[in-house]
Amino acid sequence: MDRTGPLRALACLIALGLALAAANLAHAESHETVVTSHGISSFGELKYGPDFEHWDYVNPDAPKGGTFSTWAFGTFDSLTPYTLKGNPAALSSIFYDTLMTGNLDEPDAMYGLVAESVEYPESREWAIFNMRPEAMFRDGTPVTADDVVFSYDILVTEGRPSYRIALKDFETVEALDTHRVKFTFNPDGPTRELLMSAAGLPILSRAYYEGRDFGESSLEPPMGSGQYTLKSVDAGRSVTYERREDYWGRDLPVNIGQSNFDEIKIEYFADYTTAFEAFKGGAYLFREEFQSKIWATSYNFPAVEDGTVVVEQLPDGRPSGTQGFWFNLRRDKFQDPRVREAIGMAFNFEWSNESLFYGLYSRTDSFWENSETLQAAGMAEGSELELLEPYRDVLPATVFEEEAFTPAVSSAADLADRRALRRAGSLLEEAGWEVGDDGFRYKDGQRLQISVLNDSPSFDRIINPMIDNLKRLGIEADATRVDSAEAQEREKTFDYDIVTQRFAMSSTPGDELRGIFGSETANVEGSNNVAGLQNAAVDGLIETIAKAETREELTVAVRALDRVLRSLHIWVPQWYNPTHNIAYYDVFERPYDDNPPRYGMGELGIWWYSEEKAEALRAAGKL
């Protein structure tokens, strides 16, 4: 009996069914609404319409000219910011344009720069950027879709390892024609974030790198299409960028009233105090002050008193950042969270604030400090608790049973707060670290030894009192002082016990959190995961944040993540100041007075140089 006939018939039916399913899917996709827009926003409507002339906070008539000069700490030996080799100069990404750009009014919106418009479906599973034909690199060659494809390819294959992680859900990037480039994303990935990431990729010149090794550090001025190019460089000491008169996009709405300085110069110093003295002497003209002692006691020099130097405090509406002492969880001695919590108690913030900081700071407890909407508070409940429940087995019980962790308040009168140190000692004993006959703590025959990596002499006064308290706890502790170049290399390779680090956290957090807290980045050299954190709950919450479809969903998920991170004791939180402490020679002006843009001062973007004021200071011999 011939059985092949029925089998062939069945195969035909299956094939027909698959074809119909594919046709139905294609039909559904073809009917998905495709948005064509001058901008993109993570949530809600764009503030600025398609015919906007400039950002509301800029002065469209701001004069061009003059030099903005400031300072940076440490050293540099490269103008290549996208590879692990070398230490890139400050602002070395200034050479490059992106497809779209953001503003200081909205935390989660981007508008057309190299791209005139973008097309994408409601699912955001792909995006087509329509590029401006007039966009040109510095050498006069056009910026094309092929350059965008090259930029993606080279960053993923030869750039900093963090790019491979951040862009892992990009499925394809293809040039549809000379000025149309299409990104296709993993539909199961965080498509909201992926579209923004694509819009923000730096655009490199394929032709420029045909005879060059992208992965090598270099002080050669790279080929970009941005508003500034290199004027001069003194390796490790200073770098000066100059505004391009022939910049192709100077009249675009996103650029009007911005990039007003002819030159931007950064002077490098190995010490904060030396840098301040140089500012007093006029070596550079703008300084944001991060040293409380200097701010409280030293801004009374003659140039301040006679008005040559303006001293101001400007409010900051952004999250203040995650500054703290970070533990390297790759080290066995830090595996027990009780050990980490005990070490945290050795940092007496209240004493430091009173004795060292002149009472200018507040204690940080949240990874989104200075953001009432994003930081966790009280007990986990409601929708936040629902998000946390699936991870109950991998999280500390305190996440569910106690209020969000807040560091204990210590005595401001006594560095060695006995109550705090007794509690810290009890935690160490619970973790198995007992005091031996020599006064040091041991576990399984190993002495508890801790070193804090430090590259700043001015930070000694902050670290050393904590070291003293660690010694009181029976811990063999010290501060390892190295120069900034060695510190940068050791941080890249995670060669430290404890390191001070600060990350500026977004008001619209997303997939970038994987680079700081995600398990997949814990052992990727050069990543921002300085703690080496690997936790399934953290990974899951980051994915929830990245895929959030509404601002409300995002807020709940960020609060849950903040609560979890705080419970894990991966850092010893330091301090924050909700204002910018700035000082500058009175040659600059800005378009706002008491109401700066919510998401930054914009000094480099929207301030300008007053030649009239500068001439008056020169005539008086003060500049």
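Because the structure is predicted, anything quoted here is derived from the model rather than measured.
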Open item on the list: Counting neighbours of CD on Glu354 that are heavy atoms of other residues, nucleotides or ligands and sit closer than 6.0 Å, is the number greater than 12?
Closed with: no

TODO: May I ask you to check whether over 12 heavy atoms, not counting those of Asn300, lie within 6.0 Å of atom CG?
DONE: yes

Task: Under 3.5 Å: donor-acceptor pair, side chain of Arg331, backbone of Tyr496 - done: yes

Task: Main-chain N/O of Ser371 paired with Arg318 side-chain donor or acceptor, under 3.5 Å - done: no

Open item on the list: Apply salt bridge (charged side-chain N to carboxylate O under 4.0 Å, His left out) to residues Lys613 and Glu615 and explain how you reach the verdict.
Closed with: CA-CA 5 Å; Lys613 288 185 175 182; Glu615 181 57 39; over 6 Å; no

- [ ] Decide if atom NZ of Lys492 counts as having more than 12 heavy atoms of other residues, nucleotides or ligands within a radius under 6.0 Å.
- [x] yes

TODO: Please examine the side chains of Trp433 and Asp336, heavy atoms only from C-beta on, and report whether any two atoms are closer than 4.5 Å.
DONE: no

TODO: Answer whether the closest heavy-atom distance between the side chains of Gln323 and Gln501 falls below 4.5 Å.
DONE: no

TODO: Return the orientation label for the Phe279 and Phe301 ring planes: parallel under 30°, perpendicular over 60°, tilted otherwise.
DONE: perpendicular

Task: Glu611/Arg618 under salt bridge (charged side-chain N to carboxylate O under 4.0 Å, His left out): CA gap, chis, key distance, verdict - done: CA-CA 10 Å; Glu611 185 57 44; Arg618 282 193 290 266; 2.3 Å; yes

TODO: List the steps, then state whether side chain to side chain donor-acceptor pair (under 3.5 Å) holds for Gln335 with Asp332.
DONE: CA-CA 5 Å; Gln335 288 301 301; Asp332 289 341; 5.2 Å; no

- [ ] Evaluate side chain to side chain donor-acceptor pair (under 3.5 Å) for Glu589 paired with Trp608, printing each intermediate quantity in order.
- [x] CA-CA 5 Å; Glu589 295 184 344; Trp608 62 88; 3.0 Å; yes

Task: Among Ile264, Leu91, Ile266, Ile94, the one residue meeting side-chain contact (heavy atoms from CB on, under 4.5 Å) with Val239 - done: Ile266

Open item on the list: Is it the case that the side chain of Asp414 and the backbone of Asp417 share a donor-acceptor pair, with hydrogens and angles ignored and the cut-off at 3.5 Å?
Closed with: no

Open item on the list: Looking at Tyr272 and Phe73, would you say the former's side chain and the latter's main chain have a donor-acceptor pair under 3.5 Å?
Closed with: no

Open item on the list: Quick one: does any side-chain atom of Tyr361 pair with a main-chain N or O of Asn353 as donor and acceptor, under 3.5 Å?
Closed with: no

TODO: Take Tyr228 and Tyr241, measure what ring-ring contact (aromatic ring centres under 6.0 Å, His included) needs, and give me the verdict at the end.
DONE: CA-CA 6 Å; Tyr228 285 85; Tyr241 308 102; 7.5 Å; no

TODO: Answer yes if the side chains of Gln375 and Trp368 hold a donor-acceptor pair under 3.5 Å, and no otherwise.
DONE: no

Task: For Asp497, the option from Lys333, Arg330, Arg340 that meets salt bridge (Lys or Arg N to Asp or Glu O under 4.0 Å) - done: Lys333

TODO: Just say parallel, tilted or perpendicular for the rings of Phe347 and Trp575, cut-offs at 30° and 60°.
DONE: tilted

Open item on the list: Donor-acceptor pair, distance only, cut-off 3.5 Å: does the side chain of Asn103 make one with the backbone of Glu106?
Closed with: yes

TODO: Give a yes or no on whether a salt bridge exists between Glu242 and Lys265, defined as a side-chain N under 4.0 angstrom from a carboxylate O.
DONE: no

TODO: Provide the closest heavy-atom pair for Leu104 versus Pro597 in the form atom of the first, atom of the second, distance.
DONE: CB-CB, 3.5 Å

TODO: Write down the atom of Phe214, the atom of Thr83, and the distance for their closest heavy-atom approach.
DONE: O-CG2, 3.4 Å

- [ ] Would you sort out whether Thr579 and Asn577 count as a side chain to side chain donor-acceptor pair (under 3.5 Å), showing the intermediate values?
- [x] CA-CA 5 Å; Thr579 63; Asn577 185 350; 2.9 Å; yes

Open item on the list: Before you tell me yes or no, could you show the steps for Trp607 and Tyr592 under side chain to side chain contact (heavy atoms under 4.5 Å, CB included), namely the whole-Å CA-CA distance, both residues' side-chain angles and the distance that decides it to 0.1 Å?
Closed with: CA-CA 9 Å; Trp607 292 37; Tyr592 58 84; 3.4 Å; yes

TODO: Using modelled atom types only, decide if a donor and an acceptor are shared between the side chain of Asn348 and the backbone of Leu415 within a distance under 3.5 Å.
DONE: yes

Open item on the list: Can you tell me if Glu372 has over 12 outside heavy atoms packed within less than 6.0 Å of its CD?
Closed with: no

Task: Beyond-backbone contact of Trp295 with Gln313, side-chain heavy atoms, under 4.5 angstrom - done: yes

Task: Ser366 vs Asp562, side chain to side chain donor-acceptor pair (under 3.5 Å): CA-CA, chis, key distance, verdict - done: CA-CA 7 Å; Ser366 166; Asp562 184 44; 2.9 Å; yes

Task: Tyr299 versus Glu289, side-chain donor and acceptor atoms under 3.5 Å - done: yes

- [ ] May I ask you to decide if the ring planes of Phe286 and Tyr584 are parallel, tilted or perpendicular, using 30° and 60° as cut-offs?
- [x] parallel

Open item on the list: Quick check against the 3.5 Å criterion: does Asp77 have a side-chain atom that pairs as donor or acceptor with the backbone of Asn87?
Closed with: yes

- [ ] Anything under 30° is parallel, anything over 60° is perpendicular, the rest tilted; go ahead and classify Phe588 against Tyr609.
- [x] perpendicular

- [ ] Verify the distance criterion only: is there a donor paired with an acceptor across the side chains of Gln227 and Asn255 at less than 3.5 Å?
- [x] yes

Open item on the list: So for atom NZ, which belongs to Lys231, do other residues, nucleotides or ligands contribute more than 12 heavy atoms lying within a distance under 6.0 Å?
Closed with: no

Task: Residues Asn529 and Ser527: side-chain donor-acceptor under 3.5 angstrom - done: no

TODO: If the plane angle is over 60° it's perpendicular, under 30° parallel, otherwise tilted; pick one for Phe405 and His569.
DONE: perpendicular

Open item on the list: We want to know whether Thr480 and Asp478 form a side-chain donor-acceptor pair, criterion being a heavy-atom distance below 3.5 angstrom.
Closed with: yes

Open item on the list: For a quick check under 3.5 Å, do Ser458 and Ser456 share a side-chain donor-acceptor pair by atom type?
Closed with: yes

TODO: Begin from the C-alpha positions of Arg243 and Glu263 and carry the test salt bridge (charged side-chain N to carboxylate O under 4.0 Å, His left out) through to its verdict.
DONE: CA-CA 6 Å; Arg243 187 168 52 83; Glu263 295 181 3; over 6 Å; no

Open item on the list: Tell me whether Thr308 contacts the main-chain N or O of Val304 through its side chain, where contact means a donor paired with an acceptor under 3.5 Å.
Closed with: no

Task: Atom pair OG (Ser78) and NZ (Lys85), whose distance is rounded to the nearest 0.5 Å - done: 11.0 Å

Open item on the list: Quick one: does any side-chain atom of Arg566 pair with a main-chain N or O of Phe367 as donor and acceptor, under 3.5 Å?
Closed with: no

- [ ] Carefully, step by step, assess Met345 and Leu473 under the rule side chain to side chain contact (heavy atoms under 4.5 Å, CB included).
- [x] CA-CA 10 Å; Met345 292 180 178; Leu473 288 170; over 6 Å; no

